[in-house]
Novice: 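This is the structure I have questions about; it appears just below.
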Amino acid sequence: MKKRYVAFSSNPKTSPDLLFKLILSSYRELFGVLGLSSAHLKLVRTYPDKGIVVLHCALEKVPHLILSAAAITHLNGDRIAVRTITVSGTMKSIKERLRNIN
């Protein structure tokens, strides 16, 4: 199975663990439990100081993952926006790209 690493952040900044749970919930809501299972989503790394989370995903499901993150608009009644920062085939490349983010 080919995989990709996808980095996300939110505005306003939320904890990476909460952001991961929001993305999982949104994916399950849009594509069901079977879709969530076939995506092979896994939390790989968090950057709490930057509010960034890096997920591992099956290559074919990356568009679904990005859509699921973009579909998140509210958290506890407040507006929130989840942004896709970068997509890469290696964790090394993700780390290099995230080093340049303030």
Novice: Say you draw a straight line from OG of S25 to CG of L22; how long is it, rounded to the nearest 0.5 Å?
Specialist: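 Result: 7.0 Å between the selected atoms.
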
Novice: Considering only distance and modelled atom types, tabulate donor-acceptor pairs under 3.5 Å from the side chains of residues 27-39, sequence neighbours left out.
Specialist:
from : atom 1 : to  : atom 2 : distance (Å)
S38  : OG     : L34 : O      : 3.4
S38  : OG     : G35 : O      : 3.0

Novice: From F20 CZ over to L43 CG, what is the distance, rounded to the nearest 0.5 angstrom?
Specialist: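 Between F20 CZ and L43 CG, I get 5.0 Å after rounding to 0.5 Å.
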
Novice: Linking I/L/V/M/F/W/Y whenever their side-chain heavy atoms sit closer than 4.5 Å, directly or via other members, would V6 and I52 fall into one cluster?
Specialist: no

Novice: Distance-only check: which donor-acceptor pairs under 3.5 Å involve side-chain atoms of residues 85-93, not counting sequence neighbours?
Specialist:
from : atom 1 : to  : atom 2 : distance (Å)
T86  : OG1    : R97 : NH1    : 2.6
S88  : OG     : T90 : N      : 3.2
S88  : OG     : T90 : O      : 3.2
S88  : OG     : S93 : OG     : 3.2
T90  : OG1    : S93 : N      : 3.2
S93  : OG     : R97 : NE     : 3.3
S93  : OG     : R97 : NH2    : 3.4

Novice: State, with a plain yes or no, whether a side-chain heavy atom of K42 is found less than 4.5 Å away from one of K3.
Specialist: no

Novice: Indicate, with yes or no, if L19 and V54 share a hydrophobic cluster defined by side-chain heavy-atom contacts under 4.5 Å among Ile, Leu, Val, Met, Phe, Trp and Tyr.
Specialist: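 The answer is no; the residues belong to distinct hydrophobic clusters.
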
Novice: Let me check something: do V53 and L98 share a hydrophobic cluster, defined by ILVMFWY side-chain heavy atoms less than 4.5 Å apart, either directly or through other members?
Specialist: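 Result: no, two separate clusters.
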
Novice: Kindly write out the residues that satisfy side-chain hydrogen bond (donor to acceptor under 3.5 Å, both in side chains) with T14, not counting sequence neighbours, or none if the list is empty.
Specialist: S10

Novice: Pair up each side-chain donor or acceptor in residues 55-84 with any protein partner under 3.5 Å, not counting sequence neighbours, and list the distances.
Specialist:
from : atom 1 : to  : atom 2 : distance (Å)
H56  : ND1    : H40 : O      : 3.4
S68  : OG     : H64 : O      : 2.8

